[in-house]
Trainee: 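Sharing a structure below in structure tokens format, with a few things to ask.
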Amino acid sequence: MMLRYALTRFVSLFLSLAVASVVIFLCIEIVPGDPASAMLGINASPETLAALRAELGLDQPKLLRYFDWVTGMLRGDLGISYTYRAPVAEIVADRIWVSFPLAVFALILSTAIAFPAGIWAARRRGSFGDTALMGLTQLGVAIPNFWFAVILVLIFAINLRWFSAGGFVGWDAGVFAALKSLTLPAIALALPQAAILTRVMRSSVIETLDADFMRTARAKGLSAAQAVRRHALRNALIPVLTIIGLQFSFLLAGGIIIENVFFLPGLGRLIFQAIAQRDLIVVESVVMLLVFAVIVVTFLVDLAYAWVDPRLRQRS
Amino acid sequence: MMRMVLGGGIALIFALAAVLSFFWTPFDVTVFDIANKIKTPTGLHPFGTDHFGRDILSMIMVGARISLAVALVAVGIGMGLGVPLGLWAAARRGGWVDELVMRFNDLVFAFPSLLIAVMITAIFGASAFNAILAIGIFNIPVFARLSRGAALSLWSREFILSARVAGKSSARISFEHILPNIANLLIVQGTIQFSLGILAEAGLSYIGLGVQPPTPSWGRMLADSQTLAALAPHLVLFPGFAIILTVLGLNLMGDGLRDMLDPRLKGIRS
Amino acid sequence: MSLLSVRDLKVSIGAIEVLKGLSFDVSEGKILGLIGESGSGKSMTALSLMQLLPKGSLCAGEARIQGQNLLDLPERVLCDLRGSEIGMVFQEPMTALNPLQTIGDQVAESLVMHEGMGWRAARLAAREVLRKVELPPEAFPPERYPHELSGGQRQRVVIAIAIACGPKLLIADEPTTALDVTTQAQILDLLARLVREEGMGLILISHDLAVVSNIADDIAIMRHGEIVEAGCTSDVFANMRHPYTQQLFEASAHQPPEVSLPEPEALLKVRGLTCVYTRRGSLFQKPVETRAVKDVSFDLFAGESLGLVGESGSGKSTLSRAILGLQPVRSGSITLADRPIDGMKTHRDIRADLQVVFQDPYGSFNPRHRVERLVAEPFWLLDAAPQGQERRDRVTEALEAVGLKADDAQRFPHEFSGGQRQRIAIARALIIRPKLIILDEAVSALDVSIRAQILDLLADLRGRFGLSYLFITHDLHVVRSVTDRVMVMKAGQIVEQGETADVFASPAHPYTTALIEAAPVLRRTA
């Protein structure tokens, strides 16, 4: 059952990827003029333009180029960056090791804060502590992460000098040093997400606390705390999983901004620079990579659903 | 109720400031006054001045105009396209229209709003219009999904069956019976999306993909003053407070509205 | 020596007094039936004995079990008692079980909590408990999840959880209300058997006098938070000292006045009707087809009241939707006065002869419209719908016909009680003077006394306006008292039809026999 479910989800993962790649490809195709003239600007001489067109393969039919692009990606060949004069795959490979750890770090932070906080508030619903925490989350949701990042730098880097104000020391400098240079960015990214997740967790737990099966559990002789631990939490997790999945994509995308605040050499800065230099090959590849990550995470969340919820395993 | 008044009040102040900025601001934001650059708050400049000597209060007022307009139009796009799509999908539940709308939703959800913005700017260049487009596109599936889900649960209700027995078409039922009954949900979600839109606009302008200089915008002000933050924290604090207060006000209003409009919270059945 | 003795039990929630001093006793091996209509406080009684009242409720008085007063015990001791000494079964088997845990583990958990067993031993023991509630592990592996079981089977699991540790007292709150009649009979048998075999005391809470009358040793009748009459079942039924008891009894056995029938002339003709549901899976799966109605044929005569009886899943709802022109027809035909009904393509002139009243008096109306607009909705079917004063007059006329007042037209549906709303629904069905009204479980959600009034109203209207009824219900008693002919439906087919009196007196199909035997019957003397 589980296997069959996983397979159907896998097919839909594959379809989503295929459709997303077509959409991204078409988006780059509808650039006014063509990608080559967009990249070189209006002052380009006809010769350089023709040379770039040939280099990019723009003289070939669209369908062929799409298949070249897709098969290239499957082989790990993302093309050559026009501005960096280097294979895009190599540029991207370096940067993934900044962006993904940052997103994962932030996700761990946000769940580590949100789970206990949400459960704590739900069990004290209506109390002063609950109201105060909910007020705090309202504030957390309202704070833009890049502004929070600037404030963090002001306090912890400039005044207290606990962290450096930006840059990434690289994994060669040791895991601890590398993580330390990702700490402030991860906190900045995680805070608003933690606030949202706390609210979701709280309302989800409250909903399961009111469920009929909780009454059955109490009638069985479980204390209120035991009933929450054994029956409410797993049930409450189901809606929370969806949000965690969505948050991962927000965190990846949010990285585009945060990496710019902290001058981190990640995918976000890469895409930002590529836009400034109109290097469409890089934009196309990085967007596809991020969308790929989002779709894969959605797939994993679907699997996690089935693991938590036996009803899903059976359906489909 | 208190939350709604408080939140609505805060949002209203910013809306009024935005409207006022069309007619009057304390100082002209297009004029540089280098002699008075980076002044800390005084009676004359209650929020201080920036690195070109422009009055921060005046810039925040003009910035409110941009932020609110961008977010409002983006929510308008999302509701205007998303709600009819969702209602249509629900009316044809299980059919190919429904399938198509849902798959479209999934597809857009795979592109975080910031990525949509990045793509659009990469293709057409950065502008306020493209920021609106990016945030608006992201809002479509939000409203489509919400209205489809709410409409689906109504379609199985008996009063809808009665309307069908009375020979009414699905389109008429959608607008006469379903839309008014999901309006509450849409209003609440609308306020939330509105506040998210303000955050998104600020983020896009901050990295230079939104409103272009010299038009002042809150995100842009933060980006311009970031390097001076250690020297003059007020440059960073006031635009940040403007964003936080507006978003907070809208969220409080949304929460208050939900409590007020949600019949489930009233009259608990025994 | 009584097992549980309750004295002057009072519960209030906020300023509202829900229970106003109840006193009753339950003996070992005996069944006490606690009967009341909605709002009588019978569920609150159960929750106060379990000490699981909603937050903010105050509880006073005495409830002694084996010398201990439940109302005084600290939470820690109560946890030990719940599930081991007192077990409880709830109304909604569909939601009473944790959807993420296997049924075996949910039963075993009671044993782990109270008997000091490890999980391995508890799981083994749970198999035997499940066998006791007739879910033998060979046929129903304890590794199953609740969603893999039917409603009746889930209710057995809930019972298994409650009796796992051999409690002295079992409280069952409307344990069969959500179930079909045949399942209801099986669950009641099971409860009676367990009481006999295990020597438990059972408090059986129900709104249905008939359900309780057959198995309870003692009966207590509740109204507005008080017990109005109590005693040995046969005594209570024989004497009926309190007027409310009489009223309840008469309403339960209510027989509306008969309507004389004209010469039979077929109004609705259904021939070889088959309806199919298609459930689409994901993109690559073949759609799954379910034949909900299979080759059904029957006639409904003008002026007649025809009953359609079936349990949930029998296809009776699909059949009614097809007749209403809401459900596409796969094959066969439906004609109303010789004009075809064909799904959404049905002509509006035909629809104008056909109206419906649904079960749920809460869900039948758009909560945002006033009664006038709600009642006038079927005018949409007329080419020349009355306007202005004429429209108001017609609405007033319809409201007065169902016993409401002209002023009610300006009110909103939530301002009315359940019974009144059902009257509004009937007014809406009447307003364009249809020939046929389909009553889809129209009285099932109502309390007995209200139900009796609505049945009277329907009988009266049928005579006055020359209506025909198709009466769809799972309640055999209603069918017996208000229909001329009856059809019995099972698995999409009509297995028996005939004069109501004949079918009840000598059922031909074994399923009809089973249904009639399962239906609880109220006898004057038990």
Side-chain angles (χ1 to χ4, degrees), chain A residues 1-2 4-16 18-19 123-127 206-238 241 302 304-316, chain C residues 46-47 49-52 54-56 75-102 105-115 143-148 157-158 161-162 164-165 167 170-171 173 279 281-285:
Chain A
M1 278 306 177
M2 183 74 191
R4 189 154 164 214
Y5 175 82
L7 270 176
T8 47
R9 296 318 305 166
F10 191 76
V11 170
S12 101
L13 162 99
F14 185 78
L15 272 182
S16 311
V19 176
R123 296 207 48 199
R124 279 162 198 75
R125 117 183 76 151
S127 72
I206 285 179
E207 199 154 295
T208 34
L209 286 181
D210 291 339
D212 280 355
F213 62 80
M214 288 300 284
R215 210 177 40 184
T216 311
R218 294 301 311 279
K220 224 185 253 190
L222 270 67
S223 70
Q226 280 172 323
V228 170
R229 229 178 11 251
R230 294 193 188 188
H231 295 278
L233 289 186
R234 235 167 103 99
N235 277 287
L237 205 62
I238 295 173
L241 272 177
D302 279 346
Y305 262 148
W307 173 67
V308 173
D309 192 340
R311 285 165 295 188
L312 273 181
R313 267 175 253 162
Q314 206 167 50
R315 219 183 290 157
S316 83
Chain C
L47 291 177
L49 292 178
M50 293 299 282
Q51 285 292 293
L52 288 175
K55 261 190 187 156
E75 177 64 21
R76 192 178 39 78
V77 181
L78 283 168
C79 280
D80 289 341
L81 283 179
R82 287 184 208 123
S84 71
E85 299 293 316
I86 314 174
M88 181 153 178
V89 177
F90 301 93
Q91 172 172 355
E92 275 302 331
M94 303 314 270
T95 51
L97 293 171
N98 183 347
L100 308 184
Q101 202 178 23
T102 62
D105 280 9
Q106 297 194 47
V107 177
E109 193 176 25
S110 292
L111 298 163
V112 173
M113 291 300 300
H114 298 293
E115 308 285 314
E143 292 76 30
R144 288 207 181 157
Y145 288 94
H147 71 273
E148 299 171 88
V157 176
V158 177
I161 292 173
C165 303
L170 187 62
I171 303 171
D173 186 3
R279 202 176 60 105
S282 66
L283 220 49
F284 298 103
Q285 284 166 334

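Every chain is numbered from 1, with letters handed out A, B, ... down the list of sequences. For clarity, every value in this text was computed on a predicted model and none was experimentally measured. All heavy atoms count here, side chains included; hydrogens, waters and symmetry mates do not.
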Trainee: Test A:Lys220 against every option in C:Ile161, C:Leu111, C:Val112 by the side chain to side chain contact (heavy atoms under 4.5 Å, CB included) rule and name the one that passes.
Mentor: C:Ile161
Trainee: Heavy-atom pairs under 4.5 Å with chain A are the metric here; pick the option from C:Glu109, C:Gln101, C:Glu75 that has the most.
Mentor: C:Glu109
Trainee: Can you name the nearest heavy-atom pair linking A:Leu222 to C:Met113, along with the distance?
Mentor: CD1-CG, 3.6 Å
Trainee: What residues, two or more places apart in sequence or in another chain, satisfy side chain to side chain contact (heavy atoms under 4.5 Å, CB included) together with C:Asp173?
Mentor: C:Ser43, C:Met88, C:Ile205
Trainee: Given the options C:Val89, C:Leu47, C:Asn98, which has more heavy-atom pairs under 4.5 Å with chain A than any of the others?
Mentor: C:Asn98
Trainee: Does any heavy atom of chain A fall under 4.5 Å from the side chain of C:Gln51, the backbone, both, or neither of them?
Mentor: neither
Trainee: Can you list the residues that meet the salt bridge (Lys or Arg N to Asp or Glu O under 4.0 Å) rule with A:Arg9, with sequence neighbours excluded?
Mentor: A:Asp302
Trainee: When you measure from the side chain of A:Thr216 to the backbone N and O of C:Ala96, does any donor-acceptor pair fall under 3.5 Å?
Mentor: yes
Trainee: Against chain A, work out which of C:Gln106, C:Arg76, C:Met94 has the most heavy-atom pairs shorter than 4.5 Å and name it.
Mentor: C:Gln106
Trainee: Would you mind reporting whether A:Arg218 and C:Met50 have side-chain heavy atoms less than 4.5 Å apart?
Mentor: no
Trainee: Going by residue number, which parts of residues 225-234 of chain A are within reach of chain C, meaning a heavy-atom gap below 4.5 Å?
Mentor: A:Gln226, A:Arg230, A:His231, A:Arg234
Trainee: Determine the minimum heavy-atom distance between C:Leu100 and A:Pro310, stating which atoms define it.
Mentor: CD2-CD, 3.6 Å
Trainee: Report which part of C:Ile86 has an atom under 4.5 Å of a heavy atom belonging to chain A: side chain, backbone, both, or neither.
Mentor: backbone
Trainee: Side chain from CB out, backbone as N, CA, C, O: work out which of these in A:Ala211 comes under 4.5 Å of a heavy atom of chain C, or both, or neither.
Mentor: neither
Trainee: With a 4.5 angstrom heavy-atom cut-off, could you sort out which part of A:Ile238 is near chain C: side chain, backbone, both or neither?
Mentor: side chain
Trainee: Once rounded to the nearest 0.5 Å, what's the spacing between atom CG of C:Asp80 and atom OG of A:Ser223?
Mentor: 10.5 Å
Trainee: What salt bridge (Lys or Arg N to Asp or Glu O under 4.0 Å) pairs are there with at least one residue in residues 92-102 of chain C, not counting sequence neighbours?
Mentor: none
